[in-house]
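Throughout, residue positions are numbered sequentially from 1 according to the sequence presented. Reckoned from all heavy atoms, side chains included, excluding hydrogens, waters and symmetry mates.
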Amino acid sequence: MKIAFIGAGNLASALMGGLIQRGATPHDLLAVDPDESKRQAAALELGVDTAERLESAEGFDAVVLAVKPQILQKVCAALAPLLKRPLVISVAAGVRIADISRWLGGYAAIVRSMPNTPALIGMGMTGLHAAPDVTPDMRDQANAVMNSVGATLWVEHEAQLDALTAVSGSGPAYVFYFIESLIAAGERAGLDAGQARTLALETFFGASALARQSDETAAVLRERVTSKGGTTAAALASFEQSGIKEEIGRGVRAAQARSNELARELGAQ
């Protein structure tokens, strides 16, 4: 499969690198970007072909829109006359398929994706939604592209991407926030900065790996660590009293609402 990436930033580079690691031929990948430094980096680090102008993307099997949402309309307007039959995959956050299709002159074979930042190290979580005109083969192609940088999850309704954005798209920031807080708490408890950081990071990494590998729910795993009257029970009781669980829910709902709002704002262009 020949894939043209419109935009050669960090995510596009991660996707190209992931595809190459999974057997793609570098010269079947094209990085299109007006920034010469980004083109040079893609050529030197990945061995892919590069181009400055969008016209070079004509004739490819798939086109990945990996530009900032604010310039996507302009890019789509220039790309529209070049599209014949390729799959279009958008990784631009918050822009709905209907708006992308409109900017592409009615082109409808579009998959919208929402990756998160761990994709940069091949451990991402990407949500995907396909427009009705996307064929099963195209769906498989889109899945292969995004699966190259981590796990994928398809949603039936595009509106579900707002919820997905609130959980996994923004989720890494929630995790970093918790780690940051745990490190600070460790320091206040008497550890030095290095000790607190190591303990927080390794504990979070190990607990996440255990939860991922286990067939048990997170609630069951938590209960198994919590002895009645013990230290863990004391901490969890304090968390419950502070209403942390409810605050997390409120935060996710706020992120979901903002995702929906951004989509309306970007689509109004």
Side-chain angles (χ1 to χ4, degrees), residues 9-11 13-15 17-18 21 41 45 68 91 93-94 113-127 146-153 161-262:
N10 292 334
L11 180 56
S13 295
L15 287 165
Q21 287 182 355
E45 295 171 12
K68 293 179 180 179
V91 297
S113 69
M114 182 62 218
N116 61 11
T117 54
L120 300 177
I121 59 168
M123 297 180 68
M125 180 69 243
T126 299
M146 302 313 300
N147 197 237
S148 72
V149 291
T152 56
L153 175 70
L161 287 178
D162 290 327
L164 186 144
T165 296
V167 174
S168 65
S170 299
Y174 313 155
V175 173
F176 300 146
Y177 185 83
F178 186 87
I179 291 172
E180 178 187 5
S181 301
L182 193 56
I183 291 171
E187 291 182 50
R188 288 193 297 272
L191 299 168
D192 66 39
Q195 291 171 328
R197 183 177 188 276
T198 297
L199 290 171
L201 290 176
E202 293 304 317
T203 299
F204 203 95
F205 180 80
S208 297
L210 176 59
R212 187 180 185 188
Q213 294 175 16
S214 178
D215 292 330
E216 304 287 1
T217 65
V220 169
L221 293 174
R222 171 182 54 77
E223 290 167 0
R224 286 181 177 170
V225 184
T226 310
S227 301
K228 186 176 181 180
T231 58
T232 308
L236 292 175
S238 178
F239 292 161
E240 286 292 314
Q241 187 176 8
S242 299
I244 289 177
K245 186 180 292 186
E246 289 75 17
E247 287 300 329
I248 291 172
R250 271 192 284 271
V252 169
R253 290 192 295 274
Q256 181 180 11
R258 181 56 179 154
S259 176
N260 183 275
E261 184 180 28
L262 284 171

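Here the shortest heavy-atom pairing between Leu164 and Gly127 reads CD1-CA, 3.4 Å. The minimum heavy-atom distance between Ala255 and Ala166, with the atom names listed, is CB-CB, 3.7 Å. Across all their heavy atoms, Tyr174 and Val167 have their closest contact at CE1-O, 4.2 Å.
Every salt bridge (Lys or Arg N to Asp or Glu O under 4.0 Å) that Glu261 has, sequence neighbours left out, goes to Arg258. Every residue was checked against the side chain to side chain donor-acceptor pair (under 3.5 Å) condition with Ser170, not counting sequence neighbours, and none meets it.
Atoms OG1 and CG, from Thr126 and Leu11 in turn, are 8.0 Å apart once rounded to the nearest 0.5 Å. Rounded to the nearest 0.5 angstrom, Leu161 CG and Met114 CE are separated by 9.0 Å. Between atom CG of residue Asp162 and atom CG of residue Asn260 there is a gap of 5.0 Å, rounded to the nearest 0.5 Å.
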Distance-only donor-acceptor pairs under 3.5 Å for side chains of residues 221-243, two or more places apart:
| residue | atom | partner | partner atom | Å |
| --- | --- | --- | --- | --- |
| Arg224 | NH2 | Glu216 | OE2 | 3.0 |
| Thr226 | OG1 | Arg222 | O | 2.7 |
| Ser242 | OG | Ser238 | O | 3.0 |

Determine all donor-acceptor pairs shorter than 3.5 Å in which one atom belongs to a side chain in residues 188-203; sequence neighbours excluded.
| residue | atom | partner | partner atom | Å |
| --- | --- | --- | --- | --- |
| Asp192 | OD1 | Gly194 | N | 3.1 |
| Asp192 | OD1 | Gln195 | N | 2.7 |
| Gln195 | OE1 | Asp192 | N | 3.0 |
| Thr198 | OG1 | Gly194 | O | 3.1 |
| Thr203 | OG1 | Leu199 | O | 2.6 |

Donor-acceptor contacts, no H, no angles, side chain residues 246-253, under 3.5 Å, sequence neighbours left out:
| residue | atom | partner | partner atom | Å |
| --- | --- | --- | --- | --- |
| Glu247 | OE2 | Arg250 | NE | 3.3 |
| Glu247 | OE2 | Arg250 | NH2 | 2.6 |
| Arg253 | NH1 | Gly249 | O | 3.4 |

Query - side-chain contact (heavy atoms from CB on, under 4.5 Å) between Val91 and Met146, worked out - result: CA-CA 9 Å; Val91 297; Met146 302 313 300; 4.0 Å; yes
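Ser214 places no side-chain N or O within donor-acceptor distance of the main-chain N or O of Leu210, the cut-off being under 3.5 Å.
The salt bridge (Lys or Arg N to Asp or Glu O under 4.0 Å) analysis of residues 166-177, with sequence neighbours excluded, yields no pairs.
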